[in-house]
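Starting off with a structure, shown below.
Order of appearance sets the numbers: ligands from 1, and atoms from 1 within every ligand.
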Amino acid sequence: MIDNSALLQLWRDQPWHDALQAVLADMEQFQQRDRKSRAYAEAIAAVPPLPTAAPQLDRDQVTIGTAAQLTAAQHNHLQQALFALRPWRKGPFNLYGIEIDSEWVSALKWQRLQGNIAPLRGRRVLDVGSSCGYYLLRMQAEQPRLLVGLEPYATFYYQFCLLQRLFKIATCFTLPLKFEQMPLLEGYFDSVFHMGVLYHVKSPLDTLVRLRRTLRRGGELVLETLVIPGDEYLALAPPQRYAKMNNVYFIPTVNCLQAWLERSGFTNVRCVDVTRTTGVEQRKTAWIQTESLADFLDPDDEMKTVEGYPAPRRALMLAEVK
Ligand SMILES: C[S@@+](CC[C@H](N)C(=O)[O-])C[C@H]1O[C@@H](n2cnc3c(N)ncnc32)[C@H](O)[C@@H]1O
């Protein structure tokens, strides 16, 4: 869907070029066969070219254009495509006057991390689990050299494709791959973001080692994941669901997470924030057709999930490569 030839050209002499080209070709064949992917691609293709507008990326609501710039037909096509791509989990956005009030107020996480991380100007950045690209767009405001997102879930990958048709950022790419499917880009990135993904991973230490190897010496990992309260070196391993999610494998304490990072070879590991998720940050809106936080918590005790586990809280960890 997205033309990645500029990225492959940039990486033409890199050792991972051929392997990546092969994985992307396989993925493209899959997308051509996959009914959901084809429907998304058609919805996006139906959006006519829109007038050029300067994006505003340094504000909570990522914005491009105004309603006055669009004809009624352009507005309707854009609105239909955006609606066909629901659920919009990450945002908010204002796209030519259409306000996407996403399930997550993602600006809050950005506010928690922005003042703590190494400045992104001039850096090569990887965002693993980049969803629709809200954070990639926020990062772009800092003028990194290159932004690469990885997003394997079709709905969110195609959301990025639609947004990129509007924002047209030449140095920003998203590949429809899991981190584990991507060839190892040894020592390439200056900053790697891995936010909201580690609890979905079956073998978190293997993933942490691979993240370290993807960074150059002195590079920074920005890791955000679910944690449980407590000081012990323990992790919750739910046998079935956690907050109704059936793909959550390990939720450590902050101390346990720190030990995982150190044992994976990271240095200068520190926790800069722990925040319990509330309905201010995650809630049902018109842009999602699924359940949200309130449905995942015990109706009589918001400190517990419906399964009786500690309610979601998230730690933000920074770590470096020696
Ligand atoms: C909970 S969302 C977090 C999105 C965003 N990073 C954030 O912090 O708000 C997790 C995202 O990671 C993606 N994901 C899950 N497993 C992944 C993997 N192994 N590699 C890359 N992305 C993954 C999911 O499709 C989803 O979009």
Identity and separation of the nearest protein heavy atom to atom 3 (C) of ligand 1 |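 Result: M195 O, 3.5 Å.
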Considering heavy atoms of the protein only, find what lies nearest to atom 7 (C) of ligand 1 and give residue, atom and distance to 0.1 Å.
->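 Scanning the protein heavy atoms, the shortest distance from atom 7 (C) of ligand 1 goes to K109 NZ, 3.2 Å.
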With F193 via ring-ring contact (aromatic ring centres under 6.0 Å, His included) - residues at least two apart |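 Residues passing ring-ring contact (aromatic ring centres under 6.0 Å, His included) with F193: none at all.
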May I ask you to check whether K90 has an N/O atom sitting below 3.5 Å from an N/O atom of ligand 1?
->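 N/O-N/O distance under 3.5 Å: yes.
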Hey, which atoms in ligand 1 end up nearer than 4.0 Å to a heavy atom of Y153?
->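 Within the 4.0 Å cut-off of Y153, ligand 1 contributes 25 (O).
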Should the heavy atoms of other residues, nucleotides or ligands under 6.0 Å from NZ of K178 be counted, would the total exceed 12?
->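 12 or below, so no.
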May I ask you to identify the nearest protein heavy atom to atom 19 (N) of ligand 1, giving residue, atom name and distance to one decimal place in Å?
->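 Answer, as residue, atom name and distance: E180 OE1, 2.8 Å.
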Within a radius of less than 6.0 Å around CZ of R12, do more than 12 heavy atoms belonging to other residues, nucleotides or ligands occur?
->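 For R12, atom CZ is crowded (more than 12 foreign heavy atoms under 6.0 Å).
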Above 12 or not: heavy atoms from other molecules or residues under 6.0 Å from CD of Q240?
->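 No, not enclosed.
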Picking from R86, R283, R89, what satisfies side chain to side chain contact (heavy atoms under 4.5 Å, CB included) with I288?
->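 Looking at R86, R283, R89, the match for I288 under the side chain to side chain contact (heavy atoms under 4.5 Å, CB included) is R89.
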Considering only protein heavy atoms, which is closest to atom 20 (N) of ligand 1, and at what distance to one decimal place?
->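 Nearest protein contact, heavy atoms only, for atom 20 (N) of ligand 1 is F179 N, 3.0 Å.
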Examine ligand 1 and decide if any of its atoms is less than 4.0 Å from a heavy atom belonging to Y157.
->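 No heavy atom of Y157 comes that close to ligand 1.
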Shortest protein contact, atom 15 (C) of ligand 1 (heavy atom only) =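 Of every protein heavy atom, V197 CG1, 4.1 Å lies nearest to atom 15 (C) of ligand 1.
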In chain order, what residues pass the ring-ring contact (aromatic ring centres under 6.0 Å, His included) check against W16, with sequence neighbours excluded?
->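 W16 satisfies ring-ring contact (aromatic ring centres under 6.0 Å, His included) with W11, Y188 once adjacent residues are dropped.
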Y153 and F156: ring-ring contact (aromatic ring centres under 6.0 Å, His included), yes or no, with the steps?
-> CA-CA 6 Å; Y153 188 64; F156 308 147; 4.7 Å; yes
Mind checking whether Y135 has a heavy atom under 4.0 Å from ligand 1?
->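 For ligand 1, residue contact (heavy atoms, under 4.0 Å) with Y135 is present.
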Atoms of ligand 1, numbered as shown, that sit under 4.0 Å from any heavy atom of Y199 |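 Listed by number with element, the hits are 1 (C).
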Flag yes if F93 and I44 sit in one hydrophobic cluster, no otherwise; membership is Ile, Leu, Val, Met, Phe, Trp, Tyr, and two members link when side-chain heavy atoms are under 4.5 Å apart.
->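 Yes; I44 is reachable from F93 via cluster members.
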Any ion pair linking K244 and D295 (charged N to carboxylate O, less than 4.0 Å)?
->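 No, D295 and K244 are not salt-bridged.
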Of all the non-hydrogen atoms in the protein, which one sits nearest to atom 1 (C) of ligand 1, and at what distance?
->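 Atom 1 (C) of ligand 1 sits closest to the protein heavy atom G196 O, 3.2 Å.
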Please report which non-hydrogen protein atom sits nearest to atom 4 (C) of ligand 1, along with the residue it belongs to and the distance in Å to one decimal place.
->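 Its nearest protein heavy-atom neighbour is G129 O, 3.4 Å.
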Would you call S106 a ligand 1 contact, heavy-atom distance under 4.0 Å?
->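 For ligand 1, residue contact (heavy atoms, under 4.0 Å) with S106 is absent.
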Hey, does T171 have a side-chain heavy atom less than 4.5 Å from the side chain of I169?
->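 Answer yes - side chains close enough.
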If you count the atoms of ligand 1 from 1 in the order shown, which ones are under 4.0 Å from a heavy atom of V128?
->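 Every atom of ligand 1 under 4.0 Å from some heavy atom of V128: 20 (N), 21 (C).
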List every atom of ligand 1 that sits less than 4.0 Å from any heavy atom of F156, numbering the atoms from 1 in the order shown and giving each element.
->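 Numbered from 1, ligand 1 contributes 27 (O).
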Top protein contact for atom 26 (C) of ligand 1, by heavy-atom distance |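 It is E151 OE1, 3.6 Å.
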